[in-house]
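Below is one structure, written out as structure tokens; the observations come after it.
In each ligand, atom 1 is the first atom listed, and ligand 1 is the first ligand listed. Worth saying up front: this structure is predicted, and the values here are computed from it rather than measured. The first residue in the sequence is number 1, and the count goes up from there. In what follows, every heavy atom counts, from backbone to side chain, and hydrogens, waters and symmetry copies are set aside.
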Amino acid sequence: MLGQSLLASGLKWQKLERVYMPFMEYEAVIGLEVHVQLKTRSKMFTRAPYSFGHEPNTLTDPVVLGMPGVLPVMNHEAVHKAAALGVLLGCEIAPRCKWDRKNYFYPDSPKNYQISQFDQPLCLGGSVEIEMEGPSRNVMGAHRHVQLTRIHLEEDVGKLTHFTNDSLVDYNRAGAPLCEIVTEPDMHSADEVFAFMTAIRNAIVSAGLSDCDMEKGQMRCDANISVRPVGETKLGTKVELKNMNTISGVRNAVAYEIKRQVFAKKNNTEVIVQETRRWDPVQQVTQSMRMKEESHDYRYFPDPDLMPVEISTEVLQKIRAELPELPFDRQRRYMESYDLPYTLTSVLCPDYELSVFFEAALAATKGKGEPKAVANYICNELLRDLTAAEGEGRAPLAESVITPAHIGELVALIHDNVISKQIAKDVWAEMSHSGLMPATIVEEKGLKQEQGDSGELEALVAATVADPKFAKAIGQYKDGNDKALNSLMGPIMKATQGKANPAQIVEMLKKAVDGA
Ligand code: ADP
Ligand code: MG
């Protein structure tokens with residue numbers, strides 16, 4: 001390639017890039033800064049509570065508003081949850097960290113500074129396992145780990161809403177505990193960013209540390225993007241993207257920005273400068289907001305009102321013991337120890353609530369019935385009902401009439417041949433309506449399947465086999481097509497009102513035909 005041979009002749013990439021070179025191949029380099037609001041009872045440095053959706057400026061107090069003479073008091077629950085996040089993602093937890101003031105004047109912060117962590121963050125390193133989309137929904141995609149730089153804890157700022165002539169400020173969110181997760185420049189495509197955001201959200205929600213609802217601002221993401229010629233090891237000039245409030249919005253914004261930068265470089269149309277750009281979800285483009293500030297602009301200094309933090313090994317041990325496994329670990333366990341197919345585990349495992357539900361339902365079978373049968377009822381019937389109930393999105397699992405005990409008992413009834421899968425459908429409809437237990441419904445409605453020693457069933461089978469209508473099917477069966485007998489099942493099931501045990505009828509049919 002021309003680029004390569006020019007390089008061999010001693011030219012540097014940087015020089016090459018300034019020439020018009022539409023043939024040069026570029027790769028994107030992406031690092032994310034993900035902010036996650038921790039689920040705690042009160043704010044980071046005061047007793048005021050925070051949750052989304054309250055009347056503006058009702059969740060404040062003198063500390064939040066930065067009144068003269070107030071002092072911050074550290075929220076231990078927030079520090080423990082931030083440490084839990086670090087442990088969950090395999091970070092090293094600093095034995096000692098401190099608080100710094102990040103100074104800036106902007107109306108979203110009444111104090112004129114934000115308490116954050118500058119040079120001694122709580123967590124260092126770590127990684128997030130991601131899964132790329134597979135070739136189809138039923139096939140697992142490639143997995144890899146995205147490296148993290150650090151996680152630090154800080155306080156959130158208020159929310160500004162801008163109108164044509166004025167702006168409004170709501171300090172409810174100001175002071176809420178916020179973790180900032182910073183990745184290494186370790187991703188290379190919009191799809192990887194999407195996989196990262198999905199994986200980190202699933203992991204954090206599973207561990208109960210945050211609800212990570214991007215639309216409520218509980219998880220926010222700034223994406224740093226640069227491009228460079230393939231083969232170059234130095235990083236290019238980065239652009240920071242803001243204002244993306246869904247995970248797919250992040251993917252679209254990153255994809256757009258990569259294209260914009262590659263186009264600019266290939267065609268020499270504009271110079272990529274270090275700046276902050278805003279994603280416009282309506283026009284689906286990024287627009288320049290401002291030049292990026294440098295960290296020295298913030299005049300960081302240690303907060304004189306707060307002591308450094310030390311987390312003891314005992315506390316860390318307790319945190320570690322209380323954390324659930326990561327969703328991908330759970331998925332591997334389900335595939336290995338329950339022999340569940342990938343498709344079912346990829347529905348159950350990203351959702352901690354759903355996997356807890358599954359394990360409870362499996363326990364409720366008391367060993368009668370396959371994990372796969374339990375998983376199928378949850379992933380198909382239950383999720384279908386919950387989705388239908390809300391119209392859009394899924395109704396909360398906690399509000400479901402059907403509990404793990406219902407599903408466990410239903411699967412056990414099928415396993416014990418008390419009811420057929422066919423009858424189970426009627427039981428499902430009834431229990432999702434009345435909430436009665438399956439065994440009660442079976443009892444009350446007389447749905448128990450007949451056991452075959454009754455002469456009636458044998459007579460029915462014999463009559464069906466003798467019916468000339470089925471001579472052809474019986475002939476096919478005798479020629480080795482086992483499935484041909486299925487056409488005789490319908491009339492028998494119908495005559496018994498579905499109460500016969502299908503497996504038993506097949507056996508009886510085979511016996512009748514083979515014996516004839
Ligand atoms: P800043 O001080 O400008 O915020 P940082 O060094 O703290 O920059 O990095 C912020 C984020 O940007 C990190 O996720 C990092 O991986 C990423 N990043 C840094 N440089 C680049 C680059 N040239 N291209 C892409 N991402 C980068
Ligand atoms: Mg930064």
Side-chain angles (χ1 to χ4, degrees), residues 13-14 17 26-36 85-86 89 91 97 100-104 106 114 116-128 130 144-154 157 178-197 199-201 219-244 247 250-251 253-262 264-265 271-279 286 288-301:
W13 279 124
Q14 278 74 21
E17 274 192 274
Y26 286 88
E27 72 164 353
V29 179
I30 308 153
L32 301 180
E33 291 159 285
V34 181
H35 285 94
V36 173
L85 178 57
L89 303 179
C91 307
C97 62
D100 300 285
R101 287 188 182 180
K102 180 179 180 180
N103 297 281
Y104 69 97
Y106 198 60
Q114 179 189 19
S116 181
Q117 298 189 301
F118 182 50
D119 52 350
Q120 282 183 32
L122 179 59
C123 316
L124 285 167
S127 65
V128 175
I130 64 168
R144 66 170 276 247
H145 285 261
V146 171
Q147 298 306 314
L148 301 181
T149 311
R150 58 186 270 169
I151 303 177
H152 65 255
L153 191 51
E154 59 192 22
V157 293
L178 197 65
C179 270
E180 178 171 337
I181 303 157
V182 183
T183 79
E184 289 287 289
D186 190 24
M187 284 166 272
H188 302 280
S189 70
D191 288 341
E192 270 190 342
V193 169
F194 181 83
F196 178 86
M197 292 296 287
I200 200 164
R201 181 196 58 198
M219 180 160 99
R220 309 195 285 273
C221 167
D222 299 338
N224 298 272
I225 300 158
S226 61
V227 300
R228 64 183 173 194
V230 171
E232 168 68 87
T233 48
K234 260 181 70 182
L235 291 171
T237 303
K238 76 175 194 284
V239 165
E240 186 175 358
L241 292 189
K242 288 190 181 291
N243 190 43
M244 301 156 295
I247 293 184
V250 177
R251 168 151 67 181
V254 170
Y256 174 88
E257 184 58 22
I258 294 173
K259 263 203 214 131
R260 185 187 76 88
Q261 291 187 21
V262 171
K265 294 232 163 165
V271 180
I272 301 299
V273 290
Q274 177 153 332
E275 61 175 346
T276 302
R277 294 178 73 90
R278 175 184 174 277
W279 171 241
T286 61
S288 182
M289 271 170 85
R290 58 180 139 98
M291 290 298 127
K292 169 85 184 157
E293 44 301 274
E294 305 282 336
S295 81
H296 60 247
D297 293 333
Y298 290 117
R299 296 289 188 273
Y300 279 100
F301 67 86

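Remark: ligand 1 atoms within the under-4.0 Å shell around heavy atoms of G31 are 14 (O), 16 (O), 17 (C), 26 (N). Shown in contact with G236 at under 4.0 Å from a heavy atom are these atoms of ligand 1, numbered in order with element: 23 (N). Annotation for ligand 1: atoms under 4.0 Å from non-hydrogen atoms of V29 are 24 (N), 25 (C). Those atoms of ligand 1 that come under 4.0 Å of a heavy atom in E184, given as number and element, are 16 (O).
V227 and Q261 make their closest contact through N-OE1, 3.4 Å (heavy atoms, listed as atom of the first residue, atom of the second, distance).
R144 is linked by a side-chain hydrogen bond (donor to acceptor under 3.5 Å, both in side chains) to D186, E192, counting only residues two or more places apart in sequence or in another chain.
A donor-acceptor pair under 3.5 Å is absent between the side-chain atoms of R150 and the main chain of P121, judged by distance alone. Between the side chain of Q117 and the backbone N or O of L153 there is at least one donor-acceptor pair closer than 3.5 Å. Between the side chain of D222 and the backbone N or O of K242 there is no donor-acceptor pair closer than 3.5 Å. Formation of a donor-acceptor pair under 3.5 Å by the N224 side chain with backbone atoms of K238 is not found in this model.
Checking only distances, T183 does come within under 3.5 Å of ligand 1, N or O to N or O. Backbone and side-chain nitrogen or oxygen atoms of S226 are examined, and one is located within less than 3.5 angstrom of a nitrogen or oxygen of ligand 1. At a 3.5 angstrom cut-off on N or O pairs, V182 does not count as close to ligand 1. For a threshold of 3.5 Å applied to N or O pairs, the pair formed by K238 and ligand 1 contains at least one separation below that value.
Residue L32 touches ligand 1 through its backbone alone, judged by heavy-atom distances below 4.0 Å.
Using a 30° and 60° split on the angle between ring planes, Y106 and Y104 fall in the tilted class, from 30° to 60°.
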